[in-house]
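Before any comments, here is the structure.
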Amino acid sequence: MPYGSETTAAVAALTAAEPAVRIDNLGVTYRAAFERRPTLRSTLVRVGRRERVVREIKAVDDVSLEVPHGSVLGIIGANGAGKSTLMRTIAGILPPTRGRVEVRGRVSTLLALGVGFNPELTGRDNVVLGGLASGLRRDELRAKYDEIADFAELGDFMDLPMRTYSSGMYGRLAFSVAVNMDPDILLIDEALSVGDARFKTKSFERMRELVAQAGTIVIVSHALGSIRELCTQVAWMHQGRLRMLDDPDTVVDAYTDFLHVRETDVALEDV
C-alpha cells in the first residue's frame, strides 16, 4: 500500500475512533427579565416605579457525555429538564454559555415538525428549501426528490401548499426530508410518532438502516417504549443536569421509579 494510502487510512481510523458527539462541561444559561410589583414601602421610596429583576435560568448545567459513531442515544426527562436545550446546542442553534460541543459529521435535524417549512409553498418547494439548508446541491436534490416523496407517501399533495396539510402530513414530509439527506448524525426532538402505525414502523426501520450504515442518532422523547426499542444508551436529564447515563432498561427503570409511574403501555408512551 502506498505511503499516502496508509496515512489516509490511519486518519480515517482515528476519526472513526473519535465520538460522533462530544459534550464537555456544557452549560446553557438563559437570562430572563421581569418586573416585580412594588410593595407599599417600596412605592413610597421609589415613587411607584417597578423594580426590574433579571433572573438566570440554568437550562443545562455542567453536562458531559459522548455519543459514539453508529449508536443511538435517547434523552429522557420531565418537561423543563433541559432536553430540548441540549439538543439545540448540539445542532448549533444555541451557543453554549460555557463548556464545548464537538460534532463530527453532517447533521440533519428534526427538532420540531414542520419548523423551517413555508406553509404557503408546496411540499415540493419545501423539500428543495430543506435540502439546500442541509447543504445539498441542486443536482443532489434532484436525485433525492423521488426518494423523499416516495417515503412521505403524500402523492399529489406534494404539489399543493403545505397550509392544506394535516399535522400528520406535515410530520411525514418533515421526517422524510430529515432521514433522506444522508446524515451522519440525525437529531430528533419529540418527533417519533409521526403518521399512522404503518408509517411509524417504516420510520423506525429507516432509523435502523441509518445506524447500520454507521450513522448516529440522538432522540429526545417521552415515548419510553420507543426509547427502549431504538436506543443503545439513554441519558436522563433532571433540572438541567445529567442524572444518569446507562443502557436503556437501567435508565428507564430508574426514571419510572423516580416518577412513581407503573410501566403500563400508556405510561411508556407518555412520560
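Note: hydrogens, waters and symmetry copies are ignored here, and every other heavy atom, side chains too, is used.
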Which atom of Gly74 lies closest to which atom of Ile227, heavy atoms considered: CA-CD1, 4.0 Å

Please enumerate all residues that pass side-chain hydrogen bond (donor to acceptor under 3.5 Å, both in side chains) together with Arg138, with sequence neighbours excluded. none

Begin with the C-alpha distance, continue with both residues' side-chain angles, and end with the deciding distance and a verdict on side-chain contact (heavy atoms from CB on, under 4.5 Å) for Leu245 and Val251. CA-CA 7 Å; Leu245 177 66; Val251 178; over 6 Å; no

How long is the span from the CD1 atom in Ile217 to the CG atom in Leu230, to the nearest 0.5 Å? 7.5 Å

In short, Ser176 meets Asn180 closest at the heavy-atom pair O-ND2, 2.8 Å

Sequence-distant partners of Thr122, side-chain contact (heavy atoms from CB on, under 4.5 Å), two or more places apart: Arg124, Asp125

Which pairs count as ring pair (Phe, Tyr, Trp, His ring centres under 6.0 Å) when at least one residue sits in residues 223-244, sequence neighbours excluded? Trp236-Tyr255, Trp236-Phe258, His238-Phe258

Which distance, rounded to the nearest 0.5 Å, do you find between the CG of Leu242 and the CG of Leu26? 11.0 Å

Measuring from atom CZ of Arg206 to atom OG1 of Thr201, what distance do you get when rounded to the nearest 0.5 angstrom? 16.0 Å

What I'd like to find out is whether the side chain of Val103 reaches to under 4.5 Å of the side chain of Ile185, using heavy atoms alone. yes

To the nearest 0.5 angstrom, please state how far the CD1 atom of Ile75 sits from the CD1 atom of Ile188. 11.5 Å

Tell me the salt bridge (charged side-chain N to carboxylate O under 4.0 Å, His left out) pairs involving residues 68-80, sequence neighbours left out? none

Between the CE atom in Met181 and the CZ atom in Arg106, the distance rounded to the nearest 0.5 Å is 8.5 Å

Strictly by ring pair (Phe, Tyr, Trp, His ring centres under 6.0 Å), give each pair with a member in residues 127-151 just once, sequence neighbours left out. Phe151-Phe199

Does atom NZ of Lys144 have more than 12 heavy-atom neighbours, drawn from other residues, nucleotides or ligands, at distances under 6.0 Å? yes

Compare every heavy atom of Pro248 with every heavy atom of Thr232, then report the nearest pair and how far apart it is. O-CD, 3.6 Å

Minimal non-hydrogen separation, Ile90 against Val101, with atom names: CA-CG1, 4.1 Å

Nearest heavy-atom neighbours spanning Val67 and Gln233: CA-NE2, 4.2 Å

Test side-chain contact (heavy atoms from CB on, under 4.5 Å) applied to Glu56 - qualifying residues, sequence neighbours left out: Thr29, Arg31

With sequence neighbours left out, what residues match Asp62 under side-chain hydrogen bond (donor to acceptor under 3.5 Å, both in side chains)? Asn25

Among residues at least two apart in sequence or on other chains, which ones pass salt bridge (charged side-chain N to carboxylate O under 4.0 Å, His left out) with Glu153? Arg172, Arg198, Lys202

Separation of Lys58 NZ from Thr97 OG1 (nearest 0.5 Å): 10.0 Å

All pairs passing salt bridge (charged side-chain N to carboxylate O under 4.0 Å, His left out) where residues 64-76 contributes a residue, at least two apart: Arg22-Glu66

Heavy-atom pair with the smallest gap, counting every atom of Leu86 and Met237: CD2-SD, 4.2 Å

Would you list the pairs meeting side-chain hydrogen bond (donor to acceptor under 3.5 Å, both in side chains) in which at least one residue belongs to residues 239-252, sequence neighbours left out? Asp61-Arg241, Arg228-Asp249, Asp247-Thr250

Hits for side-chain hydrogen bond (donor to acceptor under 3.5 Å, both in side chains) against Asp139, two or more places apart or cross-chain, chain-then-number order -> Arg137

With a 4.5 Å limit on heavy-atom distance, are the side chains of Leu173 and Met162 in contact? yes

Quick one: side-chain contact (heavy atoms from CB on, under 4.5 Å) partners of Asn79, sequence neighbours excluded? His222

When you compare the side chain of Val21 with that of Leu73, does any pair of heavy atoms fall below 4.5 Å? no

